[in-house]
Number of protein chains: 2
Amino acid sequence: MIRTVPKVSDAHREQRREQILIAAWKCFARNGFHSTSMADVISEAGLSAGAVYLYFRSKEEIILAVAGQVFTGIAGRMAELFEREPPPSPAEVAGFLIEQPVLARAQTPGDLFPLLLAVWAEATRNPILADLADEILGALRQQITRLFERWESTGQDLRIPARDLAPVLVSLVQGFVTQQALVGNPSPETYRQSVVALFDAAGLGPAQPAG
Amino acid sequence: MIRTVPKVSDAHREQRREQILIAAWKCFARNGFHSTSMADVISEAGLSAGAVYLYFRSKEEIILAVAGQVFTGIAGRMAELFEREPPPSPAEVAGFLIEQPVLARAQTPGDLFPLLLAVWAEATRNPILADLADEILGALRQQITRLFERWESTGQDLRIPARDLAPVLVSLVQGFVTQQALVGNPSPETYRQSVVALFDAAGLGPAQPAG
DNA sequence: CTTCCAAGAAGGATCGTTCGTTTTCCTGCT
DNA sequence: AGCAGGAAAACGAACGATCCTTCTTGGAAG
């Protein structure tokens, strides 16, 4: 009986997909989704057109894969924060949330921040990305909300409904990414300090751990 | 002597340009810059290809014109705030800055917020737009900074350097626009109240208008 | 009649994708 | 162990579609 055996292992196959995604990431970060051609991605990956289309069905599929990595990559970085005990203060939460994209930026193949702006813009018109953005953003807000509620349950006074304050935290991150991508400042340190100082002044600190 | 007389007045000519820009605005807000074809703009304007190219040299020129309107339109709305006497508190400034894009959104031909995301994304790779963004954002920050300094000079305590707090205010607006464009919430009222409450709690209120 | 605006078909270029061919590498037999 | 067979992977030229732009033609206004 004749059995067809995979030419290369699944691991190798997954590695090839990663190679293509990294190339696409670089191109998309540099020129956005619609100004990079498949020829750009193919050239950056050092492969041929036919090879790339063995691993991805279309350009759209590559876009969705990269955008998905961007979303889940950043969201995944936040996970640790939400498990902390005792619950950190809003000032600490804000400081942490601002730090993460900066750390992620240093580890990505292409500049994360312009790519993030491209993903947000694309999510306003691509239904699949819109659903993903809704899911990720909703989960992030909900986890921040729960963190605030836990913080309140330790006897602290939030003064603002937790679910209303969460989007403000998210804004502070999104706005920082936007301004950094657009004009390259303010610096992460300065910005984080200002935000933390604001929350401290609002009685939503301290950075001092309760204990 | 033969003199060439304009067939239509300059006013009419400017009106035609506006007609095309409004059509382009709608298309760009719906599909972004690079996913709308000139055929889309031409069709939306109810004109012919040849006619459109009588008033604009290229698609790029239309993109720059629309993006310029978006930038200067929003920046222009803020102008009144910076003239106020006595200087408004940071809480009032924040509330005002958040309100303006919402008011502008109701007056634009197409949805302003997705278009704004597209403009920001495009500004990260188009040098001309990058310069414009740098100029507009820089001016906005500087005017906010000056407003804070004036507020401090009335004896109030800002607790954070004015030039460091300004980008935080900008972030709160950018983040709100981003979240509204992505998931349609939070509502302007809820968001503005939360931000104002935060600044009030930080001693940067009151939101009560002077007068 | 002259002049200019508008129209829309056509041109030239680029794009995403496919497909026939070549190369590579695993498998099974000698 | 080494060779032959074959299937999968890689290549890259080519295709059809779409894009931006131009240019010729028609018509309206002064």
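Since this is a predicted model, take the numbers as computed values, not measurements. By convention in this document, chain letters (A, B, ...) are assigned in the order of the sequence lines, proteins followed by strands, and residues within each chain are numbered from 1.
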Test your reading of the model: is there a side-chain donor-acceptor pair from B:Arg150 to the backbone of B:Phe82, 3.5 Å cut-off?
yes
Starting at atom OH of B:Tyr55, determine the distance to atom P of D:dT21, rounded to an integer number of angstrom.
18 Å
Quick one: which residue pairs count as a ring pair (Phe, Tyr, Trp, His ring centres under 6.0 Å) with a foot in residues 163-193 of chain B, not counting sequence neighbours?
B:Phe176-B:Tyr191
In whole Å, what is the span from the NE2 atom of B:His12 to the P atom of D:dA29?
11 Å
Check residues 192-199 of chain A and write down every donor-acceptor pair under 3.5 Å in which the side-chain atom is one partner and the other belongs to a residue at least two apart or another chain.
| residue | atom | partner | partner atom | Å |
| --- | --- | --- | --- | --- |
| A:Ser194 | OG | A:Thr190 | O | 2.9 |

Protein N or O to nucleotides 22-24 of chain D N or O, pairs below 3.5 Å:
none

With salt bridge (charged side-chain N to carboxylate O under 4.0 Å, His left out) as the rule and sequence neighbours excluded, what pairs involving residues 170-182 of chain A come up?
none
Rounded to the nearest Å, what distance is computed from the NZ atom of residue A:Lys59 to the C1' atom of nucleotide C:dT14?
11 Å
For B:Glu61 and D:dC20, give me the distance from atom CD to atom P, rounded to whole Å.
15 Å
Test: salt bridge (charged side-chain N to carboxylate O under 4.0 Å, His left out). Region: residues 31-46 of chain A. Which pairs qualify, not counting sequence neighbours?
A:Lys26-A:Glu44, A:Arg30-A:Glu44
Within residues 29-44 of chain A, residues whose heavy atoms come under 4.0 Å of DNA chain C:
A:Thr36, A:Ser37, A:Met38
So which protein N/O to nucleotides 20-22 of chain C N/O distances come out below 3.5 Å?
none

Sequence neighbours left out, what passes side-chain hydrogen bond (donor to acceptor under 3.5 Å, both in side chains) with B:Glu189? Give chain and number order.
B:Ser187
Just the rounded figure in Å: distance from P of C:dC15 to CD1 of A:Ile63.
14 Å
Kindly point out which of C:dG16, D:dA10, C:dA7 is positioned nearest to the side chain of A:Ala51?
D:dA10
What pairs of residues pass the salt bridge (charged side-chain N to carboxylate O under 4.0 Å, His left out) test when at least one of them lies in residues 117-127 of chain A, not counting sequence neighbours?
A:Glu122-A:Arg125
Cut-off 3.5 Å, no hydrogens considered: what does the side-chain donor-acceptor table look like for residues 64-76 of chain B, sequence neighbours left out?
| residue | atom | partner | partner atom | Å |
| --- | --- | --- | --- | --- |
| B:Gln69 | NE2 | B:Glu18 | OE2 | 3.1 |
| B:Thr72 | OG1 | B:Gly68 | O | 2.8 |

Would you indicate, yes or no, if D:dA10 has its OP1 or OP2 atom less than 4.0 angstrom from a side-chain nitrogen or oxygen of A:Arg16?
yes
In whole angstroms, how far is the P atom of D:dA9 from the CZ atom of A:Arg13?
6 Å
Rounded distance (Å) that lies between atom C1' of C:dC19 and atom CG of A:Leu54:
12 Å
For the backbone of A:Ser89 and the side chain of A:Glu92, can you confirm whether one donor and one acceptor N or O come within less than 3.5 Å of each other?
yes
Listing request: all salt bridge (charged side-chain N to carboxylate O under 4.0 Å, His left out) pairs with a residue in residues 107-119 of chain B, at least two apart in sequence or in separate chains.
B:Arg105-B:Asp111
Under the side-chain hydrogen bond (donor to acceptor under 3.5 Å, both in side chains) rule, collect the residues that match up with A:Asp134, sequence neighbours excluded.
none
